[in-house]
There are 2 protein chains.
Amino acid sequence: MTDQDQALGRQKAKAPTIFDVAKQAGVSIKTVSRVVNAEINVRESTREKVVAAINDLNYRPNTAARVLSGKRFYVIGLIYENPNEFSYVQKVLNGALKACEAGGYTLLLLPLTLPNPDLIQDVRRFVSQSRLDGVVLPAPIGDFISIQRLLTDLDIPFARISPRMPLADELSIHCNDEQASFDVTQFLIDQGHQGLGFIKGDPIHAATAHRFEGYLRALKANSIEYHGEYVQDGQFSFESGRSATRALLDLRSPPSAIIASNDDMAAGTIFEARERGLRIPEDLSVVGFDDTPIASRIWPPLTTVRQPIVEMAEALTGLLIQKLRGDPDDSAERSFACHVVTRASTGPRLIN
Amino acid sequence: MTDQDQALGRQKAKAPTIFDVAKQAGVSIKTVSRVVNAEINVRESTREKVVAAINDLNYRPNTAARVLSGKRFYVIGLIYENPNEFSYVQKVLNGALKACEAGGYTLLLLPLTLPNPDLIQDVRRFVSQSRLDGVVLPAPIGDFISIQRLLTDLDIPFARISPRMPLADELSIHCNDEQASFDVTQFLIDQGHQGLGFIKGDPIHAATAHRFEGYLRALKANSIEYHGEYVQDGQFSFESGRSATRALLDLRSPPSAIIASNDDMAAGTIFEARERGLRIPEDLSVVGFDDTPIASRIWPPLTTVRQPIVEMAEALTGLLIQKLRGDPDDSAERSFACHVVTRASTGPRLIN
DNA sequence: TCTGCATCTGACAACGCTGTCATTATTCCA
DNA sequence: TGGAATAATGACAGCGTTGTCAGATGCAGA
């Protein structure tokens with residue numbers, strides 16, 4: 001509350017409206033509206049007057065009135081799987097929130113628990129009840145055809161993070177999982193490892209395939225023979241990492257390094273290895289993916305691959321907002337690089 | 001809308017308005033409004049007609065119009081510290097989201113990075129720009145006097161989770177940290193431990209003091225002498241847990257069990273113990289607090305204390321919504337119980 | 001049956017903005 | 001320099017709801 005308010009008897013400060021700005025700038029409300037919405041056909045000198053008045057009064061357009069009057073809602077939805085390990089979603093959330101704030105949009109959340117028989121109904125209710133302009137779909141939600149179709153039918157633009165299969169002319173963003181996987185595999189090979197175990201992730205995630213391909217490419221590039229038994233399926237869960245590791249370590253000649261397709265599974269690998277009394281990294285090198293909080297909190301801390309998820313989500317949400325605004329596509333960078341974070345869970349292969 | 005739609009007369013289904021309902025029920029829009037808002041002075045027979053029409057048309061009031069017209073916004077804000085370890089916030093988020101959905105409110109997020117010199121300005125902007133009716137403040141944000149004062153000045157009701165010091169007549173909810181800490185300490189004593197190390201949390205959290213008090217009470221109840229050097233300060237971080245553990249294990253006669261005030265610090269304890277070649281739980285029992293994802297992902301999995309945060313946040317948000325609605329206070333349960341989750345990081349004291 | 005009061009109901013003006021369309025100012029070219 | 005084309009601006013009607021206040025209705029008691 002300002003001094004002025006107090007002088008006026010401490011009325012609860014009523015927010016200034018478009019009329020106040022128009023009056024102060026000496027123009028019509030429509031012109032103010034034009035300036036606020038960055039429309040064309042406003043003389044530069046007029047614009048300046050209006051902007052000055054806006055700043056002077058600290059005017060913010062009333063969202064409810066905009067919504068009621070126009071056909072836009074200034075709301076973006078984020079539909080995500082609500083997992084136990086939340087760090088991916090947290091990052092997406094932070095990035096999307098940042099872009100929304102910058103763009104004057106509001107972010108609404110729909111956490112989904114999978115599997116969900118009422119998936120489509122839930123999404124439909126969310127979208128129509130919350131009156132969304134657009135939707136951000138992180139993996140793996142973005143790969144649900146039924147959701148894509150629903151949003152297309154409702155004519156609601158969406159943008160996807162790391163989609164399995166980018167659609168023509170769609171908004172999406174990804175990081176180079178394949179290359180990252182190649183890099184981390186090469187890193188292990190450089191340390192002298194030849195027996196390289198690999199634990200795949202949940203096939204529902206596109207990253208699962210990409211990471212596996214990077215592994216294969218690295219083997220090939222180094223002329224290392226591919227052994228099918230060195231590759232195990234997992235579901236990105238701690239437990240699945242454990243049992244996959246069990247299988248790998250039970251092999252006649254077990255690998256000297258294991259690449260798990262995410263940190264949770266890598267934690268499972270370490271867990272299982274310790275149960276067997278193996279030393280890490282002396283007896284077994286382990287790497288994960290994603291650099292989740294657990295990676296730096298287990299013993300030994302995990303060598304892993306970090307994706308710039310926050311930045312990716314922010315960029316993608318920004319692109320979506322641009323599209324909603326009808327701005328020209330500024331063709332921002334849509335591919336981000338991952339990089340290997342080296343910690344103590346990996347080491348050179350010891351010849352015994 | 002496509003040309004085809006127009007040709008077919010398939011207008012994009014416009015949502016029914018209060019006028020449509022009024023017409024179908026044969027009453028005025030004001031009466032419909034009364035029914036929708038559960039106001040008094042509507043004849044039962046009239047109400048039934050209106051309700052039937054509402055259901056028939058599947059009418060939902062337009063939030064923007066309500067907001068524009070009335071003085072309520074149907075929006076609740078959640079202001080939280082945006083930490084690395086997100087599981088607490090995740091749970092709060094899930095609970096608040098659930099209550100908001102049930103109550104027809106929208107939840108808006110304000111993540112805060114601490115320390116933040118512009119804290120108050122950020123909060124003020126959030127609150128006024130987003131036009132909030134009420135705010136949920138999880139720990140430790142709820143204990144910032146400046147935020148409390150701001151909200152009080154702006155006349156915006158707030159509700160706090162686990163406040164250090166409940167204010168008279170405020171909405172808050174907590175779980176019995178002191179008792180939980182007593183229980184887990186007693187659990188260790190029952191296993192034969194006498195030398196009980198304790199790592200305090202960040203003093204900014206009220207839980208820190210409560211947990212310490214429970215520890216003290218358990219010592220007293222079992223006539224175990226209190227040793228000041230067995231108590232170390234921490235900040236709830238993995239690193240602080242490590243260094244506190246270092247100090248404890250460097251003691252002439254180190255404790256046989258360590259109680260860390262959260263899981264992250266307990267992870268630090270385990271990390272440090274392993275670096276020294278100690279076996280857990282044979283050489284050292286470790287317990288944490290909060291049952292975060294890491295608790296079940298480290299080796300060995302952590303005995304810890306689980307708080308029903310989701311339920312607490314849901315209940316509290318529900319209470320806040322009730323208050324905003326002007327409903328009578330139904331005096332729902334405001335105190336929740338924690339319980340010990342026993343895993344492999346604790347065991348009986350081995351006499352050597 | 002009528003009066004007076006409590007109970008219901010409805011007409012209509014906000015709320016603050018954007019879309020439409022009319023009007024006015026400016027620019028450009030013959 | 002005039003006239004057409006174009007750019008800039010403004011008047012005003014909604015958008016769907018709630019608040020206000022006036023008016024209608026119902027009911028008890030005389």
Side-chain angles (χ1 to χ4, degrees), chain A residues 12-51 53-54 57-75 104 128-129 131 133 324-326, chain B residues 1 12-51 53-54 57-75 104 128-131 133 324-326:
Chain A
K12 185 154 193 174
K14 280 251 304 178
T17 73
I18 198 170
F19 286 93
D20 302 322
V21 177
K23 196 168 164 190
Q24 171 140 354
V27 299
S28 75
I29 58 166
K30 183 64 214 186
T31 298
V32 177
S33 172
R34 289 200 179 90
V35 171
V36 169
N37 292 286
E39 288 176 22
I40 54 172
N41 290 345
V42 178
R43 200 190 314 275
E44 188 50 36
S45 59
T46 310
R47 179 185 308 279
E48 279 164 10
K49 276 192 300 184
V50 172
V51 168
I54 288 175
L57 297 172
N58 194 26
Y59 165 75
R60 302 273 167 243
N62 178 315
T63 307
R66 290 180 118 170
V67 170
L68 188 55
S69 142
K71 34 199 70 109
R72 289 159 62 191
F73 307 126
Y74 299 91
V75 175
S128 55
Q129 200 140 330
R131 325 227 173 193
D133 296 300
L324 294 176
R325 282 205 176 121
Chain B
M1 175 148 12
K12 185 156 193 175
K14 280 248 306 179
T17 74
I18 199 170
F19 286 93
D20 301 323
V21 177
K23 195 168 166 191
Q24 170 141 355
V27 298
S28 74
I29 58 166
K30 183 64 214 185
T31 297
V32 175
S33 173
R34 288 199 179 90
V35 171
V36 168
N37 293 285
E39 287 176 24
I40 54 171
N41 291 345
V42 178
R43 200 191 313 277
E44 187 50 36
S45 59
T46 310
R47 179 185 308 279
E48 279 164 10
K49 277 193 299 183
V50 173
V51 169
I54 288 175
L57 297 172
N58 194 25
Y59 165 74
R60 303 269 167 246
N62 178 316
T63 308
R66 289 181 119 172
V67 170
L68 187 56
S69 155
K71 32 203 62 118
R72 288 160 64 190
F73 307 126
Y74 300 90
V75 175
S128 55
Q129 200 140 330
S130 304
R131 327 233 171 188
D133 296 301
L324 294 175
R325 283 204 177 123

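Sequence lines set the chain letters: A, B, ... in the order given, protein chains first and strands last, and positions in each chain run from 1.
Think of the region where chain A sits on DNA chain C: with heavy atoms and a 4.0 Å cut, that region ends 5' and 3' at C:dG16 to C:dT26.
Residue contacts for A:Thr46: at a heavy-atom cut-off of 4.0 Å it reaches the sugar-phosphate backbone alone, with no base atom in range. Within 4.0 Å of A:Val67, counting heavy atoms only, lies no atom of the nucleic acid at all. At the heavy-atom level, A:Val36 lies nowhere under 4.0 Å from the strands shown. Using a 4.0 Å heavy-atom cutoff across all strands shown, B:Ile40 reaches no nucleic acid atom at all. Residue contacts shown for B:Tyr74 are absent, as no nucleic acid heavy atom lies under 4.0 Å away.
In this structure, B:Phe73 places its CZ atom 14 Å from P of D:dT18, rounding to the nearest Å. Rounded to a whole Å, the CG atom of B:Asn41 is 15 Å from the C1' atom of D:dG19. Remark: P of D:dT17 and CZ of B:Arg131 are 20 Å apart, rounded to the nearest angstrom. As a whole-Å value, the separation of B:Ile29 CD1 from D:dG19 P is 12 Å. The distance between atom CG of A:Asn37 and atom C1' of D:dA8, rounded to the nearest whole Å, is 17 Å. Following rounding to the nearest Å, A:Leu68 (CG) and D:dA13 (C1') show an atom-to-atom distance of 13 Å.
Between B:Arg47 and B:Glu39, the closest heavy-atom pair is NH2-O, 3.5 Å. In plain terms, the two heavy atoms of A:Leu324 and A:Asp133 that are nearest each other are CD2-O, 3.5 Å. Smallest separation of non-hydrogen atoms from B:Arg34 and B:Asn41: CD-O, 4.4 Å. Looking at every heavy atom in both residues, A:Asp20 comes nearest to A:Ala15 through OD2-O, 4.4 Å. A:Leu68 and B:Ala64 make their closest contact through N-CB, 4.0 Å (heavy atoms, listed as atom of the first residue, atom of the second, distance).
With D:dA11, D:dG19, D:dG14 as the candidates, the nucleotide lying closest to the side chain of A:Lys30 is D:dA11.
Listed pair B:Arg66 / D:dT18 meets the phosphate criterion, a side-chain N or O lying under 4.0 Å from OP1 or OP2. Residue A:Ser28 places no side-chain N or O under 4.0 Å from the OP1 or OP2 atom of D:dT9. At least one side-chain nitrogen or oxygen of A:Thr31 sits closer than 4.0 Å to the OP1 or OP2 atom of D:dG10.
The base of D:dG10 lies close enough to the side chain of A:Arg34 for a donor and an acceptor atom to sit less than 3.5 Å apart.
Mapping B:Pro61 and B:Arg43 onto DNA chain D by nearest heavy atom places B:Pro61 at the nucleotide closer to the 5' end.
Residues B:Arg131 and B:Val67 form no side-chain contact, since every pair of their non-hydrogen atoms from C-beta on lies 4.5 Å or further apart. Two residues are said to be in side-chain contact when any heavy atoms from C-beta on lie closer than 4.5 Å; B:Val27 and B:Val32 meet this criterion.
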